[in-house]
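A short worksheet on the structure shown next.
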Amino acid sequence: MTITTDTQQLSLQNQQIRPTEPLEYRAIGRLWGKYVPSDELIYQGQLITADGVMLETKLAKRASKLVQHAQLDLSQEYLWTAYPKTRSKDSLTKLSVSLINIRTPKDYTDSEKTELQLLADNFSVQGVVVYQNLEQGIVEVKIHRKPRRDFEPSKDFQLRLQGFLPPKSIRQFWNFQVRRVGTSLVIQSGECIKSKAPEPSSTDDISTNTAENT
């Protein structure tokens, strides 16, 4: 079962970050913007995107080291690899991100900058549909996160997307290509790849393979 949305972004699918395993839980993408750290903590702040949206932001270990060691000019915009998180509908901040990696050439030519900007705002999301509102076009996807230590509980979370799926899609495992529009994540295309939610294995986790984005 596959859904598509008529949009120019679908032509960029060959440049998307793709799952490495068929049933891999994941929520990862790219953002173009300028990181502005808070006054208190350099690894927390905001990402100002090209369209002027300000996203609540945290830096993961690799990105934090680059910023703390002054290897980045924070007055410039970059292409970041990011994990998205969404909050409840009543939250003032709909979308927040964790920046995990960055593409950092010393100088961007105009053509390189344009090419990188085309990659931005696209996300790969794969997980179990746990909620859908057929009237409002809301889909919530459960992402399984394996705990770092055996004694810790799993850190599953739900990602809220905008779009429409066929009725009775709950408990199905879907692969989505998603586009950031403002502070929302909008489904561009989707495919049901398992009709019943798979059992998380010991190796299941959201993707952390960022080598392709360095």
Side-chain angles (χ1 to χ4, degrees), residues 4-18 26-39 41-60 62-87 91-125 137 159-163 176-190 206-214:
T4 58
T5 302
D6 184 14
T7 170
Q8 292 179 346
Q9 293 304 322
L10 294 181
S11 64
L12 298 175
Q13 281 191 359
N14 61 336
Q15 303 179 64
Q16 293 281 0
I17 304 173
R18 296 183 179 278
R26 62 193 278 108
I28 189 172
R30 300 184 180 101
L31 291 167
W32 177 270
K34 180 172 68 174
Y35 175 68
V36 180
S38 67
D39 294 334
L41 298 170
I42 196 169
Y43 56 85
Q44 292 184 352
Q46 293 181 321
L47 185 74
I48 304 176
T49 64
D51 55 345
V53 174
M54 302 178 71
L55 300 176
E56 182 179 325
T57 302
K58 293 183 179 180
L59 298 183
R62 180 183 177 89
S64 181
K65 284 183 177 180
L66 289 172
V67 172
Q68 290 183 26
H69 296 166
Q71 297 179 18
L72 294 179
D73 180 357
L74 293 183
S75 67
Q76 301 298 314
E77 297 177 325
Y78 299 99
L79 184 70
W80 302 83
T81 303
Y83 290 152
K85 288 286 188 70
T86 53
R87 299 185 178 181
S91 173
L92 295 177
T93 305
K94 294 182 179 180
L95 176 65
S96 63
V97 293
S98 295
L99 304 180
I100 59 175
N101 210 344
I102 184 173
R103 188 169 295 185
T104 55
K106 293 182 179 180
D107 295 294
Y108 290 132
T109 65
D110 289 341
S111 60
E112 287 174 335
K113 182 176 179 179
T114 299
E115 183 176 340
L116 293 178
Q117 287 177 323
L118 288 174
L119 297 176
D121 298 319
N122 295 294
F123 290 83
S124 173
V125 175
L159 199 64
R160 176 173 286 235
L161 311 179
Q162 290 187 359
F176 296 102
Q177 297 298 328
V178 175
R179 176 80 174 166
R180 180 192 69 84
V181 180
T183 57
S184 299
L185 296 176
V186 181
I187 296 171
Q188 304 295 290
S189 66
I206 57 174
S207 174
T208 55
N209 181 10
T210 60
E212 62 189 75
N213 307 302
T214 55

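Judged by distance alone, with hydrogens and angles left aside, the side-chain atoms of Tyr35 form no donor-acceptor pair with the main-chain N or O of Tyr78 at under 3.5 Å. In this structure, the side chain of Ser38 engages the main chain of Gln44 through a donor-acceptor pair within 3.5 Å. A donor-acceptor pair under 3.5 Å links the side-chain atoms of Glu112 to the main chain of Thr109, judged by distance alone. Proximity of a side-chain donor or acceptor of Trp80 to a complementary backbone N or O of Gly33 within less than 3.5 Å is detected. Panel note: side chain Thr57, backbone Leu55; a donor-acceptor pair is recorded below 3.5 Å. Not one N or O on the side chain of Arg26 forms a donor-acceptor pair closer than 3.5 Å with the backbone of Ile28.
Smallest separation of non-hydrogen atoms from Asp51 and Gly182: OD2-N, 4.3 Å. A pairwise comparison of heavy atoms in Leu159 and Lys85 identifies CD1-CA, 3.9 Å as the closest pair. Across Ile187 and Gly163, no two heavy atoms sit closer than the pair CD1-CA, 4.1 Å. Smallest separation of non-hydrogen atoms from Thr86 and Arg160: OG1-N, 2.7 Å. Taking every heavy atom of both residues into account, Leu31 and Ala120 meet most closely at C-CB, 4.0 Å. Contact record, Pro37 with Ile42: CB-O, 3.5 Å, taken as the closest heavy-atom pair.
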**side chain to side chain contact (heavy atoms under 4.5 Å, CB included) between Phe176 and Leu161, worked out** = CA-CA 10 Å; Phe176 296 102; Leu161 311 179; 4.0 Å; yes
**Item:** Criterion side chain to side chain donor-acceptor pair (under 3.5 Å) on Gln177 and Ser189, from CA distance to verdict
**Value:** CA-CA 5 Å; Gln177 297 298 328; Ser189 66; 5.7 Å; no
**Message:** For a side chain to side chain contact (heavy atoms under 4.5 Å, CB included) check, start with the C-alpha distance between Leu79 and Leu119, then their side-chain angles and the critical distance, and finish with the verdict.
**Reply:** CA-CA 8 Å; Leu79 184 70; Leu119 297 176; 4.2 Å; yes
**Item:** Candidate pair Leu185 and Arg180, rule side chain to side chain contact (heavy atoms under 4.5 Å, CB included), full reasoning
**Value:** CA-CA 5 Å; Leu185 296 176; Arg180 180 192 69 84; 4.3 Å; yes
**Message:** The test is side chain to side chain contact (heavy atoms under 4.5 Å, CB included); show your working for Ile102 and Thr81 and say whether it passes.
**Reply:** CA-CA 6 Å; Ile102 184 173; Thr81 303; over 6 Å; no
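From Ile100, atom CD1 reaches atom OG of Ser64 across 13.5 Å, with rounding to the nearest 0.5 Å. Taking OH of Tyr43 as the reference point, atom NZ of Lys58 lies at 8.5 Å (rounded to 0.5 Å). With rounding to the nearest 0.5 Å, the separation of CD in Glu115 from CG in Asp110 is 13.0 Å. Taking OG from Ser98 and CD from Glu56, the interatomic distance works out to 9.5 Å, rounded to the nearest 0.5 Å. The structure places CZ of Arg30 at 10.5 Å from CG of Asn101, a figure rounded to the nearest 0.5 Å.
Taking a cutoff of 4.0 Å between a charged side-chain nitrogen and a carboxylate oxygen, Asp73 and Lys34 do not qualify as a salt bridge.
Looking at Val125, Asn122, Asp121, Val186 one by one, the single match for side chain to side chain contact (heavy atoms under 4.5 Å, CB included) with Val178 turns out to be Val125.
Residues Leu59 and Val67 form a side-chain contact, since some pair of their non-hydrogen atoms from C-beta on lies under 4.5 Å apart.
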